[in-house]
*Asks:* 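Next up is a structure, given as structure tokens.
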Protein chains: 2
Amino acid sequence: MSEITGINSSQIRKDFSYFGAFGKRGVGYPLFGLTEQLKEVMRAGQKWDVALVGVGNIGTALLRYKGFSKRGFNIKLVFDNDVSKIGTKVDNIKIQDIQKMEKCLKDQKINIGIITVPAESAQEVAYKMIGGGVRSILNFAPINIKHPPEVSIKHIDIAIELEKLVYYLF
Amino acid sequence: MSEITGINSSQIRKDFSYFGAFGKRGVGYPLFGLTEQLKEVMRAGQKWDVALVGVGNIGTALLRYKGFSKRGFNIKLVFDNDVSKIGTKVDNIKIQDIQKMEKCLKDQKINIGIITVPAESAQEVAYKMIGGGVRSILNFAPINIKHPPEVSIKHIDIAIELEKLVYYLF
DNA sequence: CCATGTGAAGATCTTCACAGCG
DNA sequence: CGCTGTGAAGATCTTCACATGG
């Protein structure tokens, strides 16, 4: 596993140890036992409904991406504020009016959101999501989103990642 | 700046201090002076040519995304191995045969690459990029890419980011 | 008095080294 | 002897607290 992931073996052992002792000293980890334990720890098998806001380039790519379902994520609700997009479908998911978002999120009890709108509207969208009960947000807008401590936000900024890489060129 | 970014103010001061003393004690930072210094540190204004491989959902989204040029990145070369895509254009950039990549990269002295191919071919693409002189790679394929120490790789896996968010739901 | 700059302290993350056990 | 599990050491990152100087 260390070789495959590039992660130090003692790091892997330590990470496992936080959740229990899955192996036998002197012997190794049982293939089946370990995978079962890890699946449970990572809640694999469980399905997560997700709401996505902003059907632009990145939003559309995420909607079409088939890799999420394998990992247990299902983009169930999609919103935009563009009237020319509302009502149309992308990969069989209907784009709804963002005005309806808060209610829809509550009705369907969705607590994971993805923001792929321009920076200007990202904060407002985030507040609406949080108002609808979302507690975890993946944000692609290049802006820091203010949020209460009980909400967690991950920020992916591809340009920033490129800039970090440029740094290492020297 | 602390309020806007959500970063502790002493962290910001310390970060600045690694590159010099940009402010005056008791007074503050001069707006112009600080921005100029930071631009230089971050090499803003400089343009970076980038090669992208894999014109699928994410690759296409990145090609169409207008935000890169503002940050100094220009996707100059695009490659794929799909004959139905080679020769066509996305946003005025011609998709080229991946077989030509190594030579093109050398000719144009490009040292930043973006990988948006399926996991199966990512390692091979990375080796070809490195062979062509690329020293920084942004990888979207869900796989750890082996690479020599002089090459730096950033891995963006959107499903993993979602999984991390799920963790915080509990 | 105020805001920067920075050693020191504190927190966190990673690696080492070896005890424990089959 | 080999591989796991883990305390301790080491490295790194973040925050504190205050000296410094306008």
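Chain naming here is simple, since letters A, B, ... match the order of the sequence lines and numbering starts at 1 in each. Since the structure is predicted, the reported quantities are computational estimates derived from the model, not experimental observations.
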*Asks:* Does any non-hydrogen side-chain atom of A:Trp48 lie less than 4.5 Å from one of B:Leu162?
*Replies:*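 They are not in side-chain contact.
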*Asks:* Looking at side-chain heavy atoms only, is the closest gap between B:Ser121 and B:Asn81 below 4.5 Å?
*Replies:*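 No; the side chains remain at least 4.5 Å from each other.
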*Asks:* Between which nucleotides of DNA chain D, 5' to 3', does chain B make heavy-atom contacts below 4.0 Å?
*Replies:*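 In short, chain B contacts DNA chain D from D:dT14 to D:dG22.
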*Asks:* Want to settle it: does A:Gly26 or A:Tyr18 sit nearer the 5' end of DNA chain C, counting the closest nucleotide to each?
*Replies:*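 Nearest nucleotide further toward 5': that of A:Tyr18.
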*Asks:* Got a sec: does the OH of A:Tyr167 have more than 12 other heavy atoms crowding it under 6.0 Å?
*Replies:*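 Atom OH in A:Tyr167 is not crowded, with 12 or fewer foreign heavy atoms closer than 6.0 Å.
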*Asks:* Just wondering, do B:Gln37 and B:Tyr29 contact through their side chains at under 4.5 Å, heavy atoms?
*Replies:*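 In short, these two side chains do not touch, never coming nearer than 4.5 Å.
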*Asks:* Whole angstrom is fine here: how far is it from CZ in B:Arg25 over to P in C:dC1?
*Replies:*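 Taking atom P of C:dC1 as the reference, CZ of B:Arg25 is at 19 Å.
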*Asks:* Determine, for A:Asp91 against A:Lys66, whether the closest basic-nitrogen to carboxylate-oxygen distance falls under 4.0 angstrom.
*Replies:*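 Yes, this pair counts.
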*Asks:* With a non-hydrogen cut-off below 4.0 angstrom, is B:Phe16 in contact with a base, only sugar-phosphate, or nothing?
*Replies:*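 Touches nothing.
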*Asks:* With rounding to the nearest 0.5 Å, note down the distance linking NE2 in A:His147 to CD1 in A:Ile137.
*Replies:*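 Nearest 0.5 Å value for the NE2-CD1 distance: 8.0 Å.
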*Asks:* Calculate, to the nearest 0.5 Å, the distance between atoms OG1 and CG belonging to B:Thr60 and B:Asp80 respectively.
*Replies:*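 Spacing of OG1 (B:Thr60) from CG (B:Asp80) equals 8.5 Å.
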*Asks:* Any chance CD of B:Glu40 has more than 12 other-residue heavy atoms, nucleotides or ligands included, within less than 6.0 Å?
*Replies:*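 No, not enclosed.
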*Asks:* Kindly indicate whether the side chain of B:Phe68, heavy atoms from C-beta on, has any atom under 4.5 Å from the side chain of B:Val50.
*Replies:*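 Contact flag for B:Phe68/B:Val50 side chains = no.
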*Asks:* Rounded to the nearest 0.5 Å, how far apart are CG of B:Asn57 and OH of A:Tyr65?
*Replies:*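 Reported to 0.5 Å precision, the distance equals 9.5 Å.
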*Asks:* Near DNA chain D, under 4.0 Å by heavy atom, which residues of residues 1-14 of chain A?
*Replies:*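 Heavy-atom contacts with DNA chain D come from A:Arg13, A:Lys14.
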*Asks:* Return the angle between end axes of the helix from C:dC1-D:dG22 to C:dG22-D:dC1, with five pairs used per end and rounding to 10°.
*Replies:*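 Axis-to-axis angle, ends of the helix: 10°.
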